[in-house]
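The structure's right below; bear with me while I get my questions together.
Each ligand, and each atom within it, is numbered from 1 in the order the structure gives. Computed from a predicted structure; not experimentally measured.
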Amino acid sequence: MSAVVVVHGGPWAIPEDLAKASVDGVKAAARQGSSVLKGGGSALDVVEAAVMALEDNPAFNADIPYHTDRQRCKPVCREYRHGHHDTVGAVAVDSDGNVACATSTGGLRYKMVGRVGDSPIIGSGGYADNLSGAVSCTGHGESILKVTLARLILSHVEQGKSLADSSQLSLQYMGDRVRGAGGAIVVSPSGQWAATFSTERMVWASVDQDVLWYGLHPKEKLNEKLCQ
Ligand SMILES: NC(=O)C[C@H](N)C(=O)O
């Protein structure tokens, strides 16, 4: 059974001058999550550590900092808001086969006061179930809510599709049905994983068996060996 962590730092067209800092940021967060896994941490500990690393990284902190209460849901899924930043997320599976997701957001820019987006809504911005896997979503929140994107992806997984196909089909459906774009990271209880998006870019990274994988552009999947 392989323990895996995957993180994302939000979708959209990440400007060229922020691209390197964003890629470095997700790589650092994935490494952080992986060291918690190696230290015997649970999937839940891992996603919390990875998301906090992303939240604390200035590359993902746009606009005016302010603090809101954390909202937590246990045991399978923890989603919270902390400061105003772009959307970040993590999914993990630990060596016991437990999965977890975390999604944290400052919300869309220019949102209406009081808007509740998809990120804190179970089944939309995230979902985790030890029988099928864990998902963290990012993108146009109203669209993600309309199609309950995280749950939709896992429904395809439950019907036997691969994680990548399930994510692609669901993002395609969201585009066709409600004209929304976004991205998702997924892990399965057996250690499979995928990072997929229908936006121009999405920065993501993963640690799987001492290899750090990462990407920013569609179909990009770079890797480097982690030093022990
Ligand atoms: N960048 C994002 O993922 C935004 C978030 N999904 C929202 O709509 O609030």
### Task
Have a look at ligand 1 and work out which part of Pro11, if any, has a heavy atom under 4.0 Å from it: side chain, backbone, both or neither.
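Just the side chain.
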
Distance-only donor-acceptor pairs under 3.5 Å for side chains of residues 148-155, two or more places apart:
{"residue": "Arg151", "atom": "NH2", "partner": "Glu158", "partner atom": "OE1", "Å": "3.3"}
{"residue": "Arg151", "atom": "NH2", "partner": "Glu158", "partner atom": "OE2", "Å": "3.1"}
{"residue": "Ser155", "atom": "OG", "partner": "Arg151", "partner atom": "O", "Å": "2.9"}

### Shortest protein contact, atom 3 (O) of ligand 1 (heavy atom only)
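Looking at atom 3 (O) of ligand 1, the protein heavy atom closest to it is Thr138 OG1, 2.6 Å.
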
### Query
Which pairs pass side-chain hydrogen bond (donor to acceptor under 3.5 Å, both in side chains) with one or both residues in residues 172-187, sequence neighbours excluded?
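Passing the test, one end in residues 172-187: Gln172-Asp176.
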
### Task
Say whether, by atom type as modelled, one donor and one acceptor occur between the side chain of Asp129 and the main chain of Gly133 under 3.5 angstrom.
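Not at all, since once roles are kept as given, no pair shorter than 3.5 Å links the two residues.
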
### Task
Salt-bridge test for Asp210 and Lys38: reply yes if a basic N is under 4.0 Å from a carboxylate O, no otherwise.
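Lys38 and Asp210: salt-bridged.
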
### Task
Give the residue and atom name of whichever protein heavy atom lies nearest to atom 7 (C) of ligand 1, and the separation in Å to one decimal.
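Ranking protein heavy atoms by distance from atom 7 (C) of ligand 1, first comes Asp118 OD1, 3.3 Å.
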
### Query
Quick one: does Thr87 get an N or O within less than 3.5 Å of an N or O on ligand 1?
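Checking ligand 1 against Thr87, an N or O pair does fall under 3.5 Å apart.
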
### Query
Under 4.0 Å from any heavy atom of Asp86, which atoms of ligand 1 are there?
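Matching atoms, with element in brackets: 1 (N).
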
### Query
Distance only, no hydrogens: is a donor on one side chain within 3.5 Å (strictly under) of an acceptor on the other, for Ser104 and Glu55?
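Yes, because at least one side-chain N or O of Ser104 sits under 3.5 Å from a partner of the opposite role on Glu55.
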
### Query
Does ligand 1 have an atom under 4.0 Å from some heavy atom of Gly125?
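Gly125: no contact with ligand 1 (<4.0 Å).
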
### Query
Looking only at N/O atoms, are Gly141 and ligand 1 under 3.5 Å apart anywhere?
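So ligand 1 has an N or O lying under 3.5 Å from an N or O of Gly141.
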
### side chain to side chain contact (heavy atoms under 4.5 Å, CB included) evaluation trace for Leu226 with Val211
CA-CA 6 Å; Leu226 276 187; Val211 179; over 6 Å; no

### Query
For ligand 1, does Arg115 get within less than 4.0 Å through its side chain, its backbone, both, or neither, judged by non-hydrogen atoms?
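The answer is the side chain of Arg115.
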
### Glu16 with Arg201: basic N within carboxylate O range, under 4.0 Å
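Salt bridge between Glu16 and Arg201, a charged N being under 4.0 Å from a carboxylate O: yes.
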
### Task
Taking only heavy atoms of Gly107 into account, list the atoms of ligand 1 that are under 4.0 Å away from them.
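Atoms satisfying the 4.0 Å criterion: 9 (O).
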
### Message
Please report whether ligand 1 has a polar contact with Ile144, defined as an N or O pair separated by less than 3.5 Å (distance criterion only).
### Response
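N/O-N/O distance under 3.5 Å: no.
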
### Task
Write down the atom of Ala100, the atom of Val47, and the distance for their closest heavy-atom approach.
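Distance-wise, the nearest heavy atoms are O-CG1, 3.5 Å.
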
### Query
Could an N or O of ligand 1 be found under 3.5 Å from any N or O of Glu142, whether backbone or side chain?
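N/O-N/O distance below 3.5 Å does not exist for this pair.
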
### Query
Below 4.0 Å from any atom of ligand 1, is there a heavy atom belonging to Gly10?
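No; Gly10 lies far enough from ligand 1 that no heavy-atom distance drops under 4.0 Å.
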
